[in-house]
Novice: 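Pasting in a structure now, in structure tokens, and then I'll have a few things to ask.
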Number of protein chains: 2
Amino acid sequence: MTAHAEQKLGASDIAAMVRREISKGNLQLHDRLQPERVLAETYGAARGTVRKALNLLEDEGFVEIRPGSGTYVVHKPDDSSPAAIDNATPLELMDTRFALEPHICRLSVLHGRRADFDKMETLCTRMEQCVEDPVSFSEADTHFHRALADSTRNGLLIWIIDQIANVRSQDDWTRMRHLTLDAATINQYNAQHRQILNALRTREPERAATIMKEHLETARLSLTRASET
Amino acid sequence: MTAHAEQKLGASDIAAMVRREISKGNLQLHDRLQPERVLAETYGAARGTVRKALNLLEDEGFVEIRPGSGTYVVHKPDDSSPAAIDNATPLELMDTRFALEPHICRLSVLHGRRADFDKMETLCTRMEQCVEDPVSFSEADTHFHRALADSTRNGLLIWIIDQIANVRSQDDWTRMRHLTLDAATINQYNAQHRQILNALRTREPERAATIMKEHLETARLSLTRASET
DNA sequence: CATTTTTAAACCAAATATATACCAATATAT
DNA sequence: ATATATTGGTATATATTTGGTTTAAAAATG
């Protein structure tokens, strides 16, 4: 052990050290921090102090504290993505998705295979089991839209969708979005996902595109609703 | 670092370790992981714990679990890919433009200003003076579509259009494309550009989008015509 | 001095991990 | 083709771990 014994550490000191571990990359996305009781010992502080530090980091959006489970990293270490992606606003993002995803539905009807749709079906089922868990739902939702893009077999489109997914995950908006994801909204999304999938399976490009537009319109509404709060 | 020696491993810890093995490349695409029962022993955890970890990784899209068979790596290690752009085929590009540009027209009607349209008009005029010069025409054409994207005031969309423009300029088939650009085709393009611009000025989003689709269809035809030669 | 922060200990509820047994899908050898 | 072994899927009862909370005393701070 390398001598932390030097000085007494306050809550904000500990927060700073953990924050640094995260942006340095020693702690990566989805990693679980050591339990509060262990951190307390390694930093030579009381559990209550560590707890304050972690709450600070949670407010800053670096970690997510899950009672009974642990504290997890929710922050991507500085990758140098283009400014256009980092600074994209939620509304810009929605307009871009409005451009892409309905047409992606049409292409999916043309190029998608049974296996693609089966995968999307699996994700639908998973999302339907996440009605009470906005975070997991949101993650599965991202995968659903990625799987949809996959089914077009268009590497360029898939790449663009991936870039867009980065916008969604990095921002504070994600947290705000989770707040707007009540059970009713999630159920509505799930119904729309199913309808889209059905339209793809029955090879109805325009119907799939139309439902996708409705889906995005729903999402846009819940977004504006959230920003007015 | 050292001597974490005997820390108990939770599901997310195991998930993190496997995730790192995958992105590091120790586990490659289509590799099969060890059976759950073996992993459980090597990580010193119960099978249920390993199982939870693997399910997490499946949610994240790193692995695919096939009952009775095994668990397989499905993650394309670190795309972040210029590859998707460099290797994009002309048809992939056309499909992507089909997705983006009609909707860009709609957004242009919403957010475009007179100055934007004036700039596009200038480019139209320039293109009309290039009927005999496919290379110059092609350059101006790129600028026209970029100016159209600019008029949406959507930084994300503009960035995507720029990426796509790189595809167009880099590749060999750009040369091929120039071969198909006879005077008749260029005149047709020019007429369509004018029509699009007019629809934007008169604030008719759907008409602008429709003409854009026709424009892209024309381009796609001349593309397939070229590749059959 | 008054105030805030840290410490320390105990307890709670929820989430997770363990251990075991059995089922279902798949692969392999006969 | 059939039988057998291997693999993931599921269920369950129990034990452990984890964050959440409260309280009171000690230490640091201004």
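Letters go in sequence order (proteins before strands), and every chain restarts at 1.
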Novice: Closer than 3.5 angstrom, by distance alone: can the side chain of A/T152 be matched with the main-chain N or O of A/L148 as a donor-acceptor pair?
Specialist: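 No, because the side chain of A/T152 does not come within donor-acceptor range (under 3.5 Å) of the backbone of A/L148.
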
Novice: Are any side-chain N or O atoms of A/H30 and backbone N or O atoms of B/A16, one a donor and one an acceptor, separated by less than 3.5 Å?
Specialist: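 Not confirmed, A/H30 side chain does not pair with B/A16 backbone.
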
Novice: Would you mind checking if A/D116 and A/R201 are paired as a salt bridge, meaning a charged N to carboxylate O distance below 4.0 Å?
Specialist: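 A/D116 and A/R201: not salt-bridged.
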
Novice: For A/D13 and D/dT29, give me the distance from atom CG to atom P, rounded to whole Å.
Specialist: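 My rounded result for the distance is 11 Å.
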
Novice: Is there a donor-acceptor contact under 3.5 Å from the side chain of B/S108 to the main chain of B/I104?
Specialist: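 Checking the backbone N and O of B/I104 against the side chain of B/S108, no donor-acceptor pair under 3.5 Å is found.
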
Novice: Write down the distance between CG (A/N55) and P (D/dG20), rounded to a whole number of angstrom.
Specialist: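 So the CG-P distance, A/N55 to D/dG20, works out to 7 Å.
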
Novice: What is the distance, to the nearest angstrom, from the CZ atom on B/R51 to the P atom on D/dT7?
Specialist: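 About 14 Å, once rounded to whole Å.
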
Novice: Between A/D31 and B/R20, is there a salt bridge with N-O shorter than 4.0 Å?
Specialist: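 A salt bridge is present here (some side-chain N lies under 4.0 Å from a carboxylate O).
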
Novice: Provide, to the nearest angstrom, the distance between the CD1 atom belonging to A/I65 and the P atom belonging to D/dT21.
Specialist: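 Distance, rounded to whole Å: 11 Å.
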
Novice: In whole Å, what is the span from the CG atom of A/L54 to the P atom of D/dG19?
Specialist: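 Rounded to whole Å, this separation is 8 Å.
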
Novice: Verify the contact: side-chain N or O of A/T71 to OP1 or OP2 of D/dG19, cut-off strictly under 4.0 Å; return yes or no.
Specialist: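 Looking at the OP1 and OP2 atoms of D/dG19, one of them is under 4.0 Å from a side-chain N or O of A/T71.
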
Novice: Grab the CD-P distance between B/E36 and C/dT20 for me, whole Å please.
Specialist: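 Answer to the nearest Å: 17 Å.
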
Novice: Grab the OH-C1' distance between A/Y43 and C/dA8 for me, whole Å please.
Specialist: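 Distance, rounded to whole Å: 21 Å.
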
Novice: Rounding to an integer number of Å, can you tell me how far B/Q34 CD sits from D/dG8 P?
Specialist: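 Rounded to the whole Å, the gap is 10 Å.
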
Novice: Quick one: do A/Y189 and A/H215 satisfy ring pair (Phe, Tyr, Trp, His ring centres under 6.0 Å)? Show the steps, please.
Specialist: CA-CA 7 Å; A/Y189 287 167; A/H215 180 50; 5.2 Å; yes

Novice: For the helix from C/dC1-D/dG30 to C/dT30-D/dA1, what is the angle between the axes at its two ends, each from 5 pairs, rounded to 10°?
Specialist: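 It works out to 60° between the end axes.
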
Novice: Tell me whether A/D13 contacts the main-chain N or O of A/G10 through its side chain, where contact means a donor paired with an acceptor under 3.5 Å.
Specialist: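 Flag set: sc A/D13 to bb A/G10 pair under 3.5 Å.
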
Novice: Would you say A/E92's side chain and B/G155's backbone share a donor-acceptor pair under 3.5 angstrom?
Specialist: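 Answer holds: yes.
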
Novice: For nucleotides 10-17 of chain C, print each protein N/O atom paired with a nucleotide N/O atom at under 3.5 Å, atom names and distance only.
Specialist:
residue : atom : partner : partner atom : Å
C/dT16  : OP1  : A/S69   : OG           : 3.2
C/dA17  : OP1  : B/A11   : N            : 2.6

Novice: Check whether B/R32 reaches the backbone of B/S69 with its side chain - one donor and one acceptor, N or O, closer than 3.5 Å.
Specialist: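 Present.
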
